[in-house]
Trainee: 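Got a structure for you, written out below as structure tokens; questions coming shortly.
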Amino acid sequence: MLDDGKKLGAFIVPTGIGASIGGYAGDASSYARMFSKISKLIVNPNVVNAGCFSGINENMLYVEGYAIDQFFKGEVNLLPSQKNKIGLVFDKRIPKDVLNVHINTLNAVRIVYGINVSEYIITNEEVGVDFQVEENGISTGSVKNIETLLEASKSLVERGCDAIGIICFFEDPEDINSDYANGIGVDPVGGVEAILSHYIVKELQVPCAHSPAFEDYQIYPQLVNGKAASEYITPTFLPCILLGLDNAPLISKSKGISIDNLDYLVMPYDALGSTPVFEALKRDIPVYVIKENNTELNINPDILCITQRVNIIDSYEKCCEIIQKLC
């Protein structure tokens with residue numbers, strides 16, 4: 001419970017694991033917004049990021065995955081913040097015309113929403129992002145020169161930026177999972193995006209989110225599955241991370257919301273092999289696992305021998321009803 005007597009929950013859908021809800025483009029947003037009506041809610045960016053849209057609202061705390069792990073371990077607190085000073089880092093590999101589209105986008109978001117994008121810089125060298133989907137269906141990848149990303153991000157923090165948005169160049173992912181547009185399989189770029197943002201948060205201890213930049217920025221007229229649709233009607237996914245970082249909580253060693261304030265954790269049914277789950281169980285924080293949300297991981301309560309220690313619920317809607325009654 002928070003100091004003001006309100007409940008605090010965490011709603012997490014890990015990135016790049018092919019979650020049937022939350023594995024595409026903001027398709028977990030409506031579920032998270034439902035929980036945010038009954039409590040303050042920690043969400044990872046994957047839950048609410050939706051291309052030119054965002055499911056974020058004022059009762060959510062937008063927290064990157066590495067910081068979420070730190071929070072659950074009790075290593076950091078989350079300090080609520082408003083109107084963060086956001087710095088953007090663009091990969092040197094991004095072509096000029098693609099960069100211009102992104103600059104126009106950030107200026108539009110800045111004017112429409114009043115978001116404080118204080119400045120942007122371009123990395124001194126190309127970041128070199130590669131991605132693939134493993135045989136087990138999990139999205140992963142590698143970064144050839146992540147140090148140039150850190151150098152640029154660090155310079156923005158030193159100049160007073162509270163949060164960092166990173167935009168790296170990605171090759172067209174359609175050949176890796178052509179079914180993504182049909183709402184099938186895994187987001188091919190999700191895994192390596194997590195690598196990028198985890199690294200910056202680990203090194204600089206500031207809120208961070210990543211948006212990919214693709215050379216082909218045309219808007220496709222073909223019909224796609226609604227779960228992926230928000231990524232097919234925009235030339236850039238930059239708006240959603242700016243909307244998230246705008247009020248993302250700062251990372252603090254002493255001030256703000258701590259793990260001791262957390263009332264519950266909600267996770268997909270078979271994505272339970274993570275720090276938040278194990279730390280919540282260790283601290284006797286109720287863990288709700290949702291059977292309607294399946295992933296490629298297959299790490300479920302039976303495999304972990306925790307069936308008696310978690311609350312297995314059929315749907316997010318039913319889970320929200322149960323938690324509301326308990327609150």
Side-chain angles (χ1 to χ4, degrees), residues 2 8-17 22 28 32 35-36 39-49 54-89 143 146 149-150 153-154 156-157 161-166 190-211 240-267 271 273-280 282-283 285 287:
L2 298 171
L8 173 68
F11 184 109
I12 299 173
V13 181
T15 306
I17 61 171
F35 282 84
S36 74
S39 69
K40 199 79 172 178
L41 195 68
I42 296 169
V43 296
N44 59 312
N46 182 62
V47 169
V48 293
N49 283 353
S54 172
I56 199 74
N57 64 29
E58 293 183 355
N59 215 33
M60 294 182 189
L61 298 168
Y62 185 86
V63 186
E64 196 277 337
Y66 184 85
I68 284 180
D69 286 351
Q70 286 186 297
F71 172 79
F72 271 85
K73 291 177 183 177
E75 296 174 351
V76 300
N77 291 356
L78 303 176
L79 186 62
S81 181
Q82 297 288 324
K83 296 299 176 187
N84 288 328
K85 186 177 181 182
I86 303 170
L88 296 181
V89 177
V143 186
I146 203 165
L149 198 63
L150 176 61
S153 300
K154 186 176 181 180
L156 288 172
V157 172
C161 290
D162 303 305
I164 300 295
I166 50 181
V192 75
E193 285 194 282
I195 292 173
L196 293 164
S197 60
H198 285 11
Y199 180 71
I200 297 302
V201 174
K202 178 182 178 181
E203 295 296 324
L204 300 179
Q205 294 291 287
V206 295
C208 178
H210 177 267
S211 173
C240 64
I241 73 166
L242 294 178
L243 291 167
L245 292 173
D246 182 36
N247 295 329
L250 305 182
I251 300 169
S252 171
K253 291 293 185 181
S254 57
K255 300 178 181 179
I257 300 166
S258 78
I259 185 62
D260 294 332
N261 297 120
L262 191 68
D263 293 291
Y264 66 89
L265 167 65
V266 179
M267 296 288 298
S274 64
T275 294
V277 174
F278 297 134
E279 289 292 332
K282 184 172 72 175
R283 299 167 186 273
I285 297 169
V287 177

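We're numbering straight along the sequence, starting at 1.
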Trainee: So L88 and L242, side chain to side chain contact (heavy atoms under 4.5 Å, CB included) or not? Walk me through it.
Mentor: CA-CA 9 Å; L88 296 181; L242 294 178; 3.8 Å; yes
Trainee: Less than 4.5 Å apart, side chain to side chain, heavy atoms only: is that true for S153 and L204?
Mentor: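 Side chain of S153 against side chain of L204, heavy atoms only: contact under 4.5 Å found.
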Trainee: Measure the CD-NE2 distance between E203 and H198 for me, rounded to the nearest 0.5 Å.
Mentor: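 Interatomic distance, E203 CD to H198 NE2, rounded to 0.5 Å: 13.5 Å.
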Trainee: Might you confirm whether atom NZ of K83 has over 12 heavy atoms from other residues, nucleotides or ligands at distances under 6.0 Å?
Mentor: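 Atom NZ in K83 is packed in, count exceeds 12.
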Trainee: Please find the pair of heavy atoms, one from T15 and one from G190, that lie closest to each other, and give the distance.
Mentor: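 Looking at all heavy atoms of both residues, the closest pair is CG2-O, 3.1 Å.
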Trainee: Give the C-alpha distance, both sets of side-chain angles, the deciding distance and a yes or no for side chain to side chain contact (heavy atoms under 4.5 Å, CB included) between F278 and K73.
Mentor: CA-CA 9 Å; F278 297 134; K73 291 177 183 177; over 6 Å; no
Trainee: Hey, which of L79, I257, V63, V76 is the one that makes side-chain contact (heavy atoms from CB on, under 4.5 Å) with P249?
Mentor: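 Checked L79, I257, V63, V76 against P249; only one passes side-chain contact (heavy atoms from CB on, under 4.5 Å): V63.
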Trainee: Nearest heavy-atom pair of V43 and A32: which atoms, and what distance?
Mentor: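 Smallest interatomic distance, heavy atoms only, reads CG1-CB, 4.3 Å.
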Trainee: Considering only heavy atoms from C-beta outward, does the side chain of C161 approach that of I86 to under 4.5 Å?
Mentor: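 They are not in side-chain contact.
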Trainee: Name the residue from I166, I200, V89 that meets the side-chain contact (heavy atoms from CB on, under 4.5 Å) definition with H210.
Mentor: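 That would be I166; it is the only one of I166, I200, V89 passing the side-chain contact (heavy atoms from CB on, under 4.5 Å) with H210.
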Trainee: When rounded to the nearest 0.5 angstrom, what distance separates NZ in K154 from CD1 in I164?
Mentor: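 CD1 of I164 is found 12.5 Å from NZ of K154.
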Trainee: Any side-chain heavy atom of Y199 sitting closer than 4.5 Å to one from L149?
Mentor: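 Not in contact.
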Trainee: How far does CG of D69 sit from CD of E75, to the nearest 0.5 angstrom?
Mentor: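 Taking CG in D69 and CD in E75, the distance rounds to 9.0 Å.
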Trainee: Going through the checks in order, is the side chain to side chain contact (heavy atoms under 4.5 Å, CB included) test met by I285 and I259?
Mentor: CA-CA 9 Å; I285 297 169; I259 185 62; 3.8 Å; yes
Trainee: Look at the side chain of N57 and the backbone N and O of N59, then say whether any donor-acceptor pair between them is shorter than 3.5 Å.
Mentor: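 Yes: the side chain of N57 pairs with the backbone of N59.
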Trainee: For A209 and L245, work out which heavy atoms get closest and say how close.
Mentor: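 Heavy-atom minimum between the residues: N-CD2, 4.1 Å.
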Trainee: Of the non-hydrogen atoms in L41 and S36, which two are nearest, and what is the gap between them?
Mentor: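 Closest heavy-atom pair between L41 and S36: CD2-N, 4.0 Å.
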Trainee: Working to the nearest 0.5 angstrom, can you tell me the gap between I17 CD1 and S274 OG?
Mentor: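 Here the rounded value is 9.0 Å.
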Trainee: Have a look at S197 and tell me which of P207, C208, P45 forms a side-chain contact (heavy atoms from CB on, under 4.5 Å) with it.
Mentor: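 Considering P207, C208, P45, a side-chain contact (heavy atoms from CB on, under 4.5 Å) with S197 is found only for C208.
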Trainee: Not counting sequence neighbours, which residues clear salt bridge (charged side-chain N to carboxylate O under 4.0 Å, His left out) with K282? List them please.
Mentor: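 For K282, the residues satisfying salt bridge (charged side-chain N to carboxylate O under 4.0 Å, His left out) (neighbours in sequence not counted) are E279.
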Trainee: Could you check whether any side-chain heavy atom of F72 comes within less than 4.5 Å of a side-chain heavy atom of L262, counting everything from C-beta outward?
Mentor: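 Yes; the side chains approach each other to less than 4.5 Å.
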Trainee: If you take all heavy atoms of Y66 and Q205, which pair is closest and at what distance?
Mentor: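 Answer, listing the atom of Y66 first, then Q205: CE2-NE2, 4.3 Å.
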Trainee: Decide yes or no for M267 and P14: does some side-chain heavy atom of the first lie under 4.5 Å from some side-chain heavy atom of the second?
Mentor: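 Side chain of M267 against side chain of P14, heavy atoms only: contact under 4.5 Å found.
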Trainee: Please check if the side chain of D162 supplies one atom and the backbone of V206 the other of a donor-acceptor pair under 3.5 Å.
Mentor: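 Not a single qualifying donor-acceptor pair exists.
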Trainee: Quick check on side-chain contact (heavy atoms from CB on, under 4.5 Å): which of V48, V47, I42 does M60 satisfy it with?
Mentor: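 Only one of V48, V47, I42 forms a side-chain contact (heavy atoms from CB on, under 4.5 Å) with M60, namely V48.
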Trainee: Rounded to the nearest 0.5 Å, what's the gap from CD1 on I56 to CG on L61? Could you check?
Mentor: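 With rounding to 0.5 Å, CD1 (I56) is 8.0 Å from CG (L61).
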Trainee: Any chance you could lay out the side chain to side chain contact (heavy atoms under 4.5 Å, CB included) test for L78 and F71, step after step, and finish with the verdict?
Mentor: CA-CA 7 Å; L78 303 176; F71 172 79; 3.7 Å; yes
Trainee: Any side-chain to backbone donor/acceptor pair from N261 onto S258? Under 3.5 Å, distance only.
Mentor: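 Yes, because the side chain of N261 sits within donor-acceptor range (under 3.5 Å) of the backbone of S258.
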Trainee: Please report the shortest heavy-atom distance between K255 and N77, naming the atom on each side.
Mentor: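 Heavy atoms of K255 and N77 come nearest at O-CB, 2.8 Å.
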Trainee: Answer whether the closest heavy-atom distance between the side chains of V277 and I12 falls below 4.5 Å.
Mentor: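 V277 vs I12: side chains apart.
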Trainee: Between Y264 and S39, is there a side-chain donor-acceptor contact under 3.5 Å, judged purely by atom types and distance?
Mentor: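 Per modelled atom types, S39 and Y264 side chains form a pair under 3.5 Å.
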